[in-house]
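Note sheet for the following structure.
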2 protein chains.
Amino acid sequence: MRMNEGVEWALHSCLNLGWLGPERAVTAGRLAAFYGLPPAYLNKQLQALARAGILTSTSGPRGGFRLARDLDAITLLDVVVAIEGPDEAFRCTQILRQGPGGDPAADYLKLCVISQAMGRADLAWRRELAGQTLADIRATVERGYPDTPERTREWFATVAG
Amino acid sequence: MRMNEGVEWALHSCLNLGWLGPERAVTAGRLAAFYGLPPAYLNKQLQALARAGILTSTSGPRGGFRLARDLDAITLLDVVVAIEGPDEAFRCTQILRQGPGGDPAADYLKLCVISQAMGRADLAWRRELAGQTLADIRATVERGYPDTPERTREWFATVAG
DNA sequence: GGTTCTTTACTCGGATATCGGCTGTCCGAGTGTCCTCGG
DNA sequence: CCGAGGACACTCGGACAGCCGATATCCGAGTAAAGAACC
């Protein structure tokens, strides 16, 4: 049960986009170079964010990605779902159907007590993720490392891309 | 981010072992036949439960698996960790080290705000899993389906294995 | 000089290889049982 | 009849393939900008 590595990249990239502001679009290559990530693969993740409506993408020269809305309207869950998909980790395969006394027509996703319990745990996880926005993260970072926004802007302004 | 299918099998098998009682050991083949699962693969999962101290295993004729302790001392988290391993789903790769201003010696597992936030979500998930024992599950099942214990015992007693 | 058209270079987007881990299977080590043989 | 020894069959345990999804890469469609040509 390993989460897609792109989730981490996407979260950090969204934060960076937040510090850079929505004026300019930033290419996947620039965002990848910031952390030394494979550009084409990060591009794939950013595409997923665009499909989910978290980013907007523009092609051509001076194109790239920018935030579709402010960071306080983007939760951690939004990003995770955009990359990982909406399915929960535990998937009940309804093996009770195969057992003695099992009803092939029953919906054990709802009936199976184990499925319910695992669903509650998944819900607690999602609730925690949905309770934190990227603006919260940004605020915490800026409180602990006040020069991060300026350094980030500087890097994207000076380093050739 | 898909959970190992063996977790579902392990949970259901532990419940069945709880209904059958600790007097007799039950073979992986019998437990697998109950749901029509591949016997050798279920055996692999049960081995993991034995390594984790949830089950005890005995070889030879009249051997098999039995519960190492009562169901009220086995949480859902115990079973999940036994099958999936102790690592959490989100693994911070500390990409901040590679970025400008990154400290190669810093422990970003603790410092990175994103890592902290994802860790909190994982903790909420684990807390929910640890808060429910298999005895709770058993009680809920018996409340909704009172004849399940007897039917299960009957099946294991009558069906040849 | 201004406007329009063409060329150009750049970026996203999806299609295409490659790799690791879950899924599934098989055979050997160990062990309890049953039978046989001897006392 | 009773006990000891041995053969046997059964089960776990770990070692060995197969397959699917994540990882990583590449090339084409579309586009905005820059330059050239024309008015």
Side-chain angles (χ1 to χ4, degrees), chain A residues 1-10 13 17 24-33 35-66 68 80 82-87 89-91 93 95 156 160-161, chain B residues 1-10 13 17 24-33 35-68 80 82-85 87 89-91 93 95 156 160-161:
Chain A
M1 195 186 58
R2 243 179 46 189
M3 181 173 290
N4 194 318
E5 195 175 1
V7 171
E8 183 183 12
W9 303 356
S13 294
L17 285 173
R24 290 185 176 185
V26 185
T27 71
R30 305 292 302 285
L31 288 168
Y35 293 118
L37 304 175
Y41 191 35
L42 177 63
N43 186 29
K44 195 180 184 64
Q45 314 295 344
L46 297 178
Q47 283 177 34
L49 294 181
R51 274 194 296 272
I54 297 173
L55 303 182
T56 60
S57 63
T58 56
S59 288
R62 314 223 6 115
F65 296 90
R66 67 191 80 194
V80 169
I83 303 292
E84 286 288 328
D87 294 340
F90 180 85
R91 292 164 305 109
T93 58
I95 62 176
F156 277 97
Chain B
M1 197 187 56
R2 239 181 45 191
M3 183 173 291
N4 194 317
E5 194 175 4
V7 171
E8 183 183 12
W9 303 355
S13 294
L17 285 174
R24 290 186 176 185
V26 185
T27 71
R30 304 290 301 286
L31 287 168
Y35 292 120
L37 304 175
Y41 191 33
L42 177 63
N43 186 28
K44 195 181 185 64
Q45 315 295 343
L46 297 179
Q47 284 177 33
L49 294 181
R51 274 193 298 271
I54 297 172
L55 302 182
T56 60
S57 62
T58 55
S59 286
R62 315 223 4 116
F65 296 90
R66 68 190 79 192
L67 291 171
V80 170
I83 303 293
E84 285 288 328
D87 294 341
F90 180 85
R91 293 164 305 110
T93 59
I95 62 176
F156 277 96

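Note that the structure is predicted; figures quoted are calculated from it, not measured. What you see below is based on every heavy atom in this structure, not just the backbone, and it leaves out hydrogens, waters and symmetry mates. Residue numbering restarts at 1 for every chain, and letters A, B, ... go by the order of the sequence lines.
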Protein-nucleotides 34-36 of chain D N/O pairs under 3.5 Å:
none

*Respond yes when some side-chain nitrogen or oxygen of Arg51(A) is under 4.0 Å from OP1 or OP2 of dG14(C), and no when none is.*
yes

Acceptor/donor pairs from residues 38-45 of chain B side chains to any protein atom, 3.5 angstrom cut, sequence neighbours excluded:
residue	atom	partner	partner atom	Å
Tyr41(B)	OH	Gln45(B)	NE2	3.4

*By side chain to side chain donor-acceptor pair (under 3.5 Å), which residues pair with Thr93(A), not counting sequence neighbours?*
Glu8(B)

_For a quick test of reading the model, state the closest non-hydrogen atom pair linking Ser13(A) to Leu46(A) and the distance between them._
CB-CD2, 4.4 Å

_Heavy-atom closest contact (Leu49(A) atom, Ala82(A) atom, distance)_ = CD2-CB, 3.8 Å

*asked:* Under 4.0 Å, heavy atoms only, any strand: does Ala25(B) hit a base, just the sugar-phosphate, or nothing?
replied: nothing

*Distance, nearest 0.5 Å, that separates CG of Leu31(A) from CH2 of Trp9(A)*: 12.5 Å

*Any residue meeting side chain to side chain contact (heavy atoms under 4.5 Å, CB included) with Ser59(A), in chain and number order, not counting sequence neighbours*: none

*asked:* dG13(D), OP1 or OP2 - any side-chain N/O from Ser57(B) closer than 4.0 Å?
replied: yes

*When you look at Met1(A) and Arg2(B), which way does the side-chain contact (heavy atoms from CB on, under 4.5 Å) test go after all the steps?*
CA-CA 5 Å; Met1(A) 195 186 58; Arg2(B) 239 181 45 191; over 6 Å; no

_Nearest heavy atoms of Ala25(B) and Thr58(B), plus distance in Å_ = CB-OG1, 4.1 Å

_d(CG, Leu46(B); P, dG14(D)) in whole Å_ = 13 Å

Give me the distances for all protein-to-nucleotides 23-28 of chain C N/O pairs that come in under 3.5 Å?
residue	atom	partner	partner atom	Å
dT23(C)	OP1	Glu5(B)	N	3.3
dT23(C)	OP2	Asn4(B)	OD1	2.4
dT23(C)	OP2	Asn4(B)	ND2	3.3
dT23(C)	OP2	Tyr41(B)	OH	3.0
dT23(C)	O5'	Tyr41(B)	OH	3.3

_Rounding to an integer number of Å, can you tell me how far Gln47(A) CD sits from dA15(C) P?_
10 Å

*State, to 0.1 Å, how close Gly63(B) and Thr27(B) come at their nearest heavy-atom pair, and which atoms those are.*
O-CG2, 3.5 Å

_From CD of Glu84(B) over to P of dG21(C), roughly how many Å is that when rounded to an integer?_
13 Å

_Nearest-Å distance for atom pair CG/C1', residues Asp87(B) and dG21(C)_ = 14 Å

Kindly give the atom pairs (protein nitrogen or oxygen, nucleotide nitrogen or oxygen) under 3.5 Å for nucleotides 29-31 of chain C.
residue	atom	partner	partner atom	Å
dG30(C)	N2	Gly60(B)	N	3.3

*Looking only at heavy atoms, which two atoms of Phe65(B) and Leu17(B) are closest? And how far apart?*
O-CD2, 3.8 Å

